[in-house]
J.: 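Dropping a structure here in structure tokens format, bear with me for questions.
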Amino acid sequence: MARANKRLAARFYQLKTGHCLTGQYLAWTTRRLDASCWWCQHSIQSREHLFKNCPQWKSQQKTLWATVLDETKKLPGPTKGRDRTNIAELLADERCSQAVLVFLATTDVGRTSGPPVAADGDGEASEASEWDAREQAEREAERREEEPVLGAEV
């Protein structure tokens with residue numbers, strides 16, 4: 001975690017604490033109208049859904065869980081598999097940290113709050129779209145920065 005990009009590490013810790021940009025959390029904080037997944041329209045976008053079931057990240061999920069299984073077999077402690085592990089356990093297990101960081105670096109999980117919610121006329125929509133544009137530019141810069149670091153560690 002110490003060598004991870006600051007923004008990537010922040011997403012990891014937000015996911016770990018449950019205070020992350022998911023539909024479930026944003027609906028709870030009333031920043032979104034509902035908890036549905038903005039990538040696949042599943043009824044609840046939770047950490048479990050994003051790490052295990054969201055079709056948007058299917059290939060990244062496959063890589064994540066294969067790596068988690070390999071890493072947990074190599075080192076002492078219980079072996080973790082997709083079906084036997086909840087996300088809180090995954091994020092708490094240090095053996096899985098690098099696999100989770102790679103997953104986060106290759107997806108937008110915890111990075112974006114989805115499409116802007118309709119504004120109530122006081123300029124929130126334009127602020128949201130400006131924020132989204134800045135966020136998109138920052139994501140691209142972050143990906144370019146993370147590629148060499150993650151490639152060397154994997």
Side-chain angles (χ1 to χ4, degrees), residues 1-117 128 131-132 135-154:
M1 201 57 60
R3 291 180 288 180
N5 171 294
K6 183 178 179 181
R7 291 174 58 88
L8 186 62
R11 283 173 44 213
F12 176 88
Y13 286 114
Q14 287 169 350
L15 283 159
K16 188 172 182 169
T17 63
H19 297 138
C20 51
L21 296 177
T22 63
Q24 186 177 38
Y25 177 74
L26 293 173
W28 178 76
T29 62
T30 67
R31 290 172 53 199
R32 291 196 61 81
L33 299 176
D34 65 7
S36 65
C37 180
W38 47 82
W39 287 298
C40 72
Q41 309 312 309
H42 185 266
S43 61
I44 297 178
Q45 185 190 62
S46 63
R47 296 180 307 175
E48 292 279 329
H49 170 72
L50 292 169
F51 277 78
K52 293 182 177 183
N53 304 315
C54 188
Q56 177 73 19
W57 314 117
K58 191 172 186 105
S59 65
Q60 292 92 338
Q61 291 164 357
K62 185 176 178 180
T63 303
L64 167 71
W65 291 104
T67 306
V68 165
L69 188 59
D70 288 345
E71 290 300 316
T72 57
K73 282 181 180 178
K74 285 190 246 177
L75 300 170
T79 302
K80 305 238 183 237
R82 181 176 183 260
D83 297 330
R84 296 184 308 217
T85 307
N86 71 40
I87 301 308
E89 292 172 347
L90 174 73
L91 296 169
D93 192 335
E94 290 180 23
R95 300 173 298 167
C96 304
S97 296
Q98 186 60 38
V100 172
L101 287 173
V102 170
F103 176 77
L104 294 177
T106 58
T107 66
D108 283 335
V109 170
R111 187 187 308 220
T112 180
S113 59
V117 177
W131 182 84
D132 284 340
E135 188 70 17
Q136 180 68 28
E138 289 174 4
R139 278 196 299 269
E140 291 305 318
E142 182 180 327
R143 279 193 184 123
R144 286 190 299 274
E145 184 180 308
E146 291 168 353
E147 283 174 0
V149 174
L150 290 172
E153 294 176 1
V154 174

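Reckoned from all heavy atoms, side chains included, excluding hydrogens, waters and symmetry mates.
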J.: Under a 4.0 Å threshold between the charged nitrogen and the carboxylate oxygen, would Asp108 count as salt-bridged to Arg111?
T.: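 Counted as a salt bridge, because a side-chain N and a carboxylate O are separated by less than 4.0 Å.
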J.: For Trp39 and Cys54, work out which heavy atoms get closest and say how close.
T.: CB-SG, 4.1 Å
J.: Could you check whether any side-chain N or O of Gln60 sits under 3.5 Å from a backbone N or O of Thr106, counting only pairs where one atom can act as donor and the other as acceptor?
T.: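 Yes; judged by distance alone, with no hydrogens or angles, the pair exists.
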J.: Would you mind reporting whether Arg47 and Cys20 have side-chain heavy atoms less than 4.5 Å apart?
T.: yes
J.: Decide yes or no for Leu8 and Leu101: does some side-chain heavy atom of the first lie under 4.5 Å from some side-chain heavy atom of the second?
T.: yes
J.: For the CD atom of Gln41 and the CD atom of Gln56, what is their distance to the nearest 0.5 Å?
T.: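 The CD atom of Gln56 is 11.0 Å from CD of Gln41, to the nearest 0.5 Å.
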J.: Could you tell me which residues satisfy side-chain hydrogen bond (donor to acceptor under 3.5 Å, both in side chains) with Glu89, sequence neighbours excluded, listed by chain and number?
T.: none
J.: To the closest 0.5 Å, what do you measure between NE2 (His49) and NE2 (His42)?
T.: 5.5 Å
J.: So, taking the atom named CD1 in Ile44 and the one named SG in Cys37, what distance separates them when rounded to the nearest 0.5 Å?
T.: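 Rounded to the nearest 0.5 Å, the CD1-SG separation comes to 11.5 Å.
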J.: Should Ser43 and Ser36 count as side-chain neighbours, where that means a heavy-atom distance under 4.5 Å?
T.: no
J.: Rounded at 0.5 Å granularity, tell me how far NZ in Lys6 sits from CZ in Arg11.
T.: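 If I round to the nearest 0.5 Å, the distance is 15.0 Å.
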J.: Just one of Val109, Leu21, Thr22, Leu26 clears the side-chain contact (heavy atoms from CB on, under 4.5 Å) bar with Gln45, so which one?
T.: Thr22
J.: Of all heavy-atom pairs between Gln24 and Ser46, which one has the smallest distance, and what is that distance?
T.: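 In terms of heavy atoms, the two residues are closest at OE1-CB, 3.2 Å.
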J.: Side-chain contact test, heavy atoms from C-beta onward, threshold under 4.5 Å: evaluate it for Val68 versus Thr85 and give yes or no.
T.: no
J.: Is the ring pair Phe103/Phe51 parallel, tilted or perpendicular, if the boundaries are 30 and 60 degrees?
T.: tilted
J.: Could you state the interatomic distance from CG (Leu90) to NZ (Lys80), rounded to the nearest 0.5 Å?
T.: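 So the gap between those two atoms works out to 8.0 Å.
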J.: To check you understand the geometry: which heavy-atom pair defines the closest contact between Ile87 and Lys52, and what is its length?
T.: CD1-CE, 4.1 Å
J.: Look at the side chain of Lys16 and the backbone N and O of Ala92, then say whether any donor-acceptor pair between them is shorter than 3.5 Å.
T.: no
J.: Quick one: are Phe12 and Ser97 in side-chain contact, heavy atoms under 4.5 Å?
T.: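 Of all side-chain heavy-atom pairs linking Ser97 with Phe12, at least one is under 4.5 Å.
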J.: On a heavy-atom basis, which atom in Lys73 and which in Thr79 lie closest, and how many Å separate them?
T.: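 Shortest heavy-atom separation between Lys73 and Thr79 comes out as CG-CG2, 3.9 Å.
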J.: First locate atom CZ of Arg31, then atom OH of Tyr25, and finally report the distance between them rounded to the nearest 0.5 Å.
T.: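 The OH atom of Tyr25 is 7.0 Å from CZ of Arg31, to the nearest 0.5 Å.
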J.: Is a side-chain N or O of Gln61 found less than 3.5 angstrom from the main chain of Leu50, in a donor-acceptor match?
T.: yes
J.: Any luck finding a side-chain donor-acceptor pair between Arg82 and Asn53 under 3.5 Å?
T.: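 Judged by distance alone, the side chains do pair up.
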J.: Counting distance only, does the side-chain N/O of Thr72 pair as donor-acceptor with the main-chain N or O of Leu69 below 3.5 Å?
T.: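 Between the backbone of Leu69 and the side chain of Thr72 there is a qualifying donor-acceptor contact (under 3.5 Å).
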